[in-house]
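Note on naming: letters A, B, ... go to the chains in the order of the sequence lines (proteins, then strands), and numbering restarts at 1 for each one.
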Amino acid sequence: MNIFVARLNFKTRREDLEAAFAQFGQVTSAKIVKDRDTGRSKGFGFVEMANDEEANKAIAALNETELDGRTIVVKPANPKAPGEGGATQS
DNA sequence: GCTGAGCGC
């Protein structure tokens, strides 16, 4: 289950998201989206969880909650668009 | 050093 997390604090790290979602279930992967050129945080990220049911309740539990001092928005992520850099999704 | 909707190379 891929989860989209927005309005994060600019100093929030991947391990912060991973720890936040790990409280509700097993986090397969966590990632903060940073700018490709500057390398600064864009203020949003993605979290992947092993169990979908834990992911759903983690979304409901962490959505519109305070993380690192900022209210975050958590919701299901959209499928990554196929491109020259990404692997083709079956 | 900064900002604040939205979707990752």
| request: For A/Asp16 and A/Arg13, indicate whether the former's side chain and the latter's backbone hold a donor-acceptor pair under 3.5 Å. | output: yes
| note | Quick note, A/Phe4 side chain, CB onward, closest among B/dC2, B/dG8, B/dC7 is B/dC7
| remark: Of A/Gly43 and A/Arg36, the one whose nearest nucleotide on DNA chain B sits closer to the 5' end is A/Gly43
| query | Quick one: A/Ile3 CD1 to B/dC7 P, roughly how many Å, whole number? | reply | 17 Å
| task | Enumerate the residue pairs fulfilling salt bridge (charged side-chain N to carboxylate O under 4.0 Å, His left out) with a member in residues 44-55 of chain A, sequence neighbours excluded, ordered by first and then second residue. | result | none
| Sugar-phosphate only, base, or nothing, as touched by A/Arg14 at under 4.0 Å among non-hydrogen atoms | nothing
| Could you give all pairs that pass the side chain to side chain donor-acceptor pair (under 3.5 Å) test and reach residues 21-30 of chain A, with sequence neighbours left out? | none
| remark: From CE of A/Met1 across to P of B/dC7 the rounded distance in Å is 17 Å
| request: Check every atom of B/dC9, B/dG1, B/dG6 against the side chain of A/Arg40 and return the nucleotide holding the closest atom. | output: B/dG1
| query | Any donor-acceptor pair under 3.5 Å between the side chain of A/Asn2 and the base of B/dG8? | reply | yes
| Between B/dA5 atom C1' and A/Lys75 atom NZ, what is the distance in whole Å? | 9 Å
| query | From the list B/dC2, B/dA5, B/dC7, which nucleotide is the closest neighbour of the side chain of A/Arg7? | reply | B/dA5
| Short question: side chain of A/Asp68, backbone of A/Asn9 - any donor-acceptor pair under 3.5 Å? | no
| note | When rounded to whole Å, the NZ to P distance for the pair A/Lys11 and B/dT3 reads 14 Å
| remark: A/Arg70 has its side chain closest, among B/dC7, B/dG4, B/dG8, to B/dG4
| Atom pair distance, as rounded to whole Å: CG in A/Asp35 and P in B/dC9 | 10 Å
| query | To the nearest Å, how far apart are A/Leu17 CG and B/dC7 P? | reply | 17 Å
| message | Mind checking if A/Leu8 touches a base, just sugar-phosphate, or nothing, with heavy atoms under 4.0 Å? | response | base
| Which one, B/dG1, B/dG4, B/dG8, comes nearest to the side chain of A/Phe10? | B/dG4
| query | Do A/Val74 and A/Phe21 have side chains that get closer than 4.5 Å, going by heavy atoms? | reply | yes
| task | Grab the CG-P distance between A/Asn78 and B/dG8 for me, whole Å please. | result | 9 Å
| note | Whole-Å distance, A/Lys34 NZ to B/dC9 C1', equals 12 Å
